[in-house]
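Take a look at the structure set out below.
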Amino acid sequence: MELSEQEIQRRNDAEELRKLGINPYPAPMYDVNTNTQEIKQEFEKDNTLFQDVKIAGRIMSRRIMGAASFCEIQDEKGKIQLYLNRDEICPKEDKTLYNTVFKKLLDIGDIIGVSGYVFKTKMGETSVHVKELKVLCKSVRPLPIVKEKDGKVYDAFTDPEQRYRQRYVDLIVNPQVKDTFVKRTLIVNTMRNYLDEKGYLEVETPILQPIYGGAAARPFKTHHNTLDTTLYLRIADELYLKKLIVGGYSGVYEFSKDFRNEGMDRFHNPEFTQMELYVAYKDYFWMMNTVEEMVERIALALHGTTEVKVGENIINFSRPWKRYTMYEAIEHFTGIDISNMDEKELRQTATKLNVPIDDTMGKGKLIDEIFGETCEGKLIQPTFIYDYPIEMSPLAKKHRSKNGLVERFEAVCNCKEICNAYSELNDPLDQRQRLEEQLELGKRGDSESMVVDEDFLKALEYGMPPTSGLGIGIDRLAMMMTNSNSIQDVLFFPQMKPEVQEAITTDNDFINQGVPQQWISMLRKAGIGSLENLKNANINKLFNDLNGLRKKNKLDIPALKIEELKSWIEK
RNA sequence: GACUAAUUAGCUCAGCCGGUAGAGCACAUCCCUUUUAAGGAUGGGGUCCUGGGUUCGAAUCCCAGAUUAGUCACCA
């Protein structure tokens, strides 16, 4: 890869530092005694503090005025301005540290450590008056420059591709991004504390599974060499966790990365995080209370209030949330009671409501479509929707009193599902039948159909207590709690298509190919970065390009002859 | 998978009807001892995403492809 002018400059600067006896990448620790946030907050209250501070961070801007300079450094908590005076950081004759090291060899992006005292400038900005300066890391790649004044951001670094592929750059120049991820961790920690307080056991179950199950999704497939067997990356943890309830734990939960080989969009990443919880001797009504309480606590932990701004809406997570059965919700939003309709009537109703349907849809699917089209988009405030059609819920217990339904609920919020829970099916014979039916359905479209997990059924045959189970999407919850528009904004490293990496061809490879040293950099400039490229190049175009570059760069070498070029390509 | 849009300097972006590639920041050199998105002067920096085509001539028009985003489809 050709280096840009600025990259070459920075590499030279690093070399110059070495010549001055300064290691641009020193080994010893640099022990700071405070941070930028602490200084800014506390100095405001008591300006006798911080008379001997030591801090470190990345240089984010510089203003040099001859023998004195200001620059800003950024640490994890924020930025602070530094004041450097030539004669103070270089009290003796030798002014190299200021004139050469600071002014010439350091740049925006480099990491330095400083010690000195805190003061306020004439402009009223809390700053560190630097007495000592140490280079901690020379950056050889220039950062995007983002400037800001009175909250207005100039030249913002916003290109999603670069932000997601190079999250580290995003984190450096867009400080609010750091906050999103701090909040995400706080969500997880709050949830974990809540569950631990209740006495549930955090567990780990296999990610590599010989049989995948627990959801309707296509898996990622891999292979174990020693066992010479196919393994799947899990799509859900449900079956393993229920086996632990059979084993006698009264409450188990897992924060799990799950993997689904499906389409990607603003709400779906191939790997995502769920928290699944199973508690013995409970039912789905109990679980609704638990979800409300847990999510309300998370909102309070993050925002100090139950009200959270999401897009244009203010969402209030305070308990109790609204509760509708699926039928009630449909009646509420359409005025039509479908609870006693048969398949034909449902079909007519769907058509009347302009809900797109097709012939393959059974009763359950029709109800679900009607709900999705007419209700989901209107549920802004957190709402429990419960009692689902049996067809699409093979792991949920049949309703205690209503035929054709299961004891299942979802919480919908800002028009999106955030969790999914049931009274778990623990009748092993019913479970076998339901899974087998599901299998039949699955076989129609899918080339690789699911297999019934016999070991899971065996476990149920030993007897699982009545249990309530929950799956809550951490990414979705994080999106909502941080007002993020896309799942990529709450994942540090969202999945992206791999960048095509050109085969690395060294100068020596080109020389072996017969290319003279002087022409190599021209070749690279002409877009020929590898031998592969050279062999596939259009000879006439390349011939013109190279001689054009020779002229442009005023090279003091004879013009290339086409025979010469041919010899490189054909060798 | 379909449609739409974007891709130009390290970054943010202009670039008209096809005629030698532009700005601001950043970078380099010089001046400047309390500045604050931007002090002054001068200068360097380009695979105009890639590959074809049309044309005397393409960043610009046409075709194909790559990547990203949005919408829809699929998918709990």
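Just the heavy atoms: all of them, side chains too, but no hydrogens, waters or symmetry mates, feed the values below. Letters go in sequence order (proteins before strands), and every chain restarts at 1.
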Looking at [options], which one has an atom nearest to any side-chain atom of [X]?
{"X": "A/Lys122", "options": "B/rU33, B/rU12, B/rU35", "result": "B/rU35"}
{"X": "A/Gln162", "options": "B/rA69, B/rU12, B/rA38", "result": "B/rU12"}
{"X": "A/Gln81", "options": "B/rU36, B/rA73, B/rA69", "result": "B/rU36"}
{"X": "A/Tyr83", "options": "B/rU33, B/rU35, B/rA73", "result": "B/rU33"}
{"X": "A/His268", "options": "B/rU36, B/rC75, B/rA69", "result": "B/rC75"}

Work out how far the [atom1] atom of [N] is from that of [M], and round it to whole angstrom.
{"N": "B/rU60", "M": "B/rA21", "atom1": "P", "value": "13 Å"}
{"N": "B/rC25", "M": "B/rA9", "atom1": "C1'", "value": "12 Å"}
{"N": "B/rG57", "M": "B/rG19", "atom1": "C1'", "value": "7 Å"}
{"N": "B/rA59", "M": "B/rG51", "atom1": "C1'", "value": "16 Å"}
{"N": "B/rA38", "M": "B/rG46", "atom1": "P", "value": "27 Å"}
{"N": "B/rC72", "M": "B/rU47", "atom1": "P", "value": "38 Å"}
{"N": "B/rG65", "M": "B/rA14", "atom1": "C1'", "value": "27 Å"}
{"N": "B/rG52", "M": "B/rU12", "atom1": "C1'", "value": "32 Å"}

Give one of base, sugar-phosphate or nothing for [X], where a contact means two heavy atoms less than 4.0 Å apart.
{"X": "A/Arg141", "answer": "nothing"}
{"X": "A/Phe119", "answer": "base"}
{"X": "A/Gln488", "answer": "sugar-phosphate"}
{"X": "A/Asn420", "answer": "base"}

- Query: Starting at the 5' end of RNA chain B, which residue's closest nucleotide do you reach first, A/Thr158 or A/Gly124?
  - Reply: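 The 5'-side residue here is A/Thr158.
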Under a 3.5 Å limit for both distances, which nucleotide forms a Watson-Crick or G-U wobble pair with [N], could you say?
{"N": "B/rG70", "answer": "B/rC3"}
{"N": "B/rU55", "answer": "none"}
{"N": "B/rC27", "answer": "B/rG43"}
{"N": "B/rU20", "answer": "none"}
{"N": "B/rA9", "answer": "none"}

- Item | Under 3.5 Å donor-acceptor pair, A/Glu125 side-chain atoms to B/rU36 base atoms |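 Answer is yes: a donor-acceptor pair is held.
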- Message: At less than 3.5 Å, do the side-chain atoms of A/Thr121 and the base atoms of B/rU36 form a donor-acceptor pair?
- Response: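 Indeed there is one.
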- Which nucleotides of nucleotides 23-30 of chain B have their base under 4.0 Å from a protein heavy atom (B), which only their sugar-phosphate (S), and which neither (-), written as one string 5' to 3'? -BSBSSSS
Expressed in angstrom and rounded to an integer, what is the separation of [X] atom [atom1] from [N] atom [atom2]?
{"X": "A/Tyr154", "N": "B/rC13", "atom1": "OH", "atom2": "P", "answer": "15 Å"}
{"X": "A/Phe102", "N": "B/rU33", "atom1": "CZ", "atom2": "C1'", "answer": "13 Å"}
{"X": "A/Leu3", "N": "B/rA9", "atom1": "CG", "atom2": "P", "answer": "17 Å"}
{"X": "A/Gln495", "N": "B/rU67", "atom1": "CD", "atom2": "P", "answer": "14 Å"}
{"X": "A/Glu148", "N": "B/rC11", "atom1": "CD", "atom2": "C1'", "answer": "17 Å"}
{"X": "A/Asn99", "N": "B/rC31", "atom1": "CG", "atom2": "C1'", "answer": "13 Å"}
{"X": "A/Phe267", "N": "B/rA73", "atom1": "CZ", "atom2": "C1'", "answer": "16 Å"}
{"X": "A/Phe157", "N": "B/rU68", "atom1": "CZ", "atom2": "P", "answer": "15 Å"}

- Heavy-atom donor-acceptor pair, A/Arg266 side chain to A/Asn485 backbone, under 3.5 Å: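 A pair under 3.5 Å: yes.
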State, without any angle test, whether [X] and [Y] hold a side-chain donor-acceptor pair at a distance under 3.5 Å.
{"X": "A/Asp170", "Y": "A/Tyr168", "result": "no"}
{"X": "A/Glu72", "Y": "A/Ser61", "result": "yes"}
{"X": "A/Gln495", "Y": "A/Asn269", "result": "no"}

- Does A/Lys416 count as lying over the ring of A/Phe267, i.e. NZ or CZ under 6.0 Å from the six-ring centre, within 45 degrees of the axis?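 A/Lys416 over A/Phe267 ring: yes.
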- Query: Quick one: is A/Arg165 getting a side-chain N or O under 4.0 Å of the B/rU67 phosphate, OP1 or OP2?
  - Reply: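 No, because none of the side-chain N or O atoms of A/Arg165 sits under 4.0 Å from OP1 or OP2 of B/rU67.
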- Query: Is any side-chain nitrogen or oxygen of A/Lys149 closer than 4.0 Å to OP1 or OP2 of B/rA37?
  - Reply: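 Looking at the OP1 and OP2 atoms of B/rA37, one of them is under 4.0 Å from a side-chain N or O of A/Lys149.
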- Message: Does any part of the side chain of A/Leu379, heavy atoms only, come nearer than 4.5 Å to the side chain of A/Phe333, both counted from C-beta?
- Response: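 When only atoms from C-beta onward are counted, A/Leu379 and A/Phe333 do touch, with a gap below 4.5 Å.
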- For atom CZ of A/Arg141, decide whether the heavy atoms of other residues, nucleotides or ligands shown that lie under 6.0 angstrom number more than 12.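 Not buried by this count: 12 neighbours or fewer within 6.0 Å.
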- Query: Counting only heavy atoms not in A/Glu148, do more than 12 sit closer than 6.0 Å to its CD atom?
  - Reply: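 For A/Glu148, atom CD is crowded (more than 12 foreign heavy atoms under 6.0 Å).
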- Quick one: do A/Asp75 and A/Arg58 make a salt bridge, cutoff under 4.0 Å?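 Answer for the salt bridge query: no.
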- Query: Is the shortest side-chain N to carboxylate O distance from A/Glu254 to A/Arg234 below 4.0 Å?
  - Reply: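 A salt bridge links A/Glu254 with A/Arg234.
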- Is B/rC63 in the syn range, within 90° of 0, or in the anti range?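 Chi for B/rC63 falls in the anti range.
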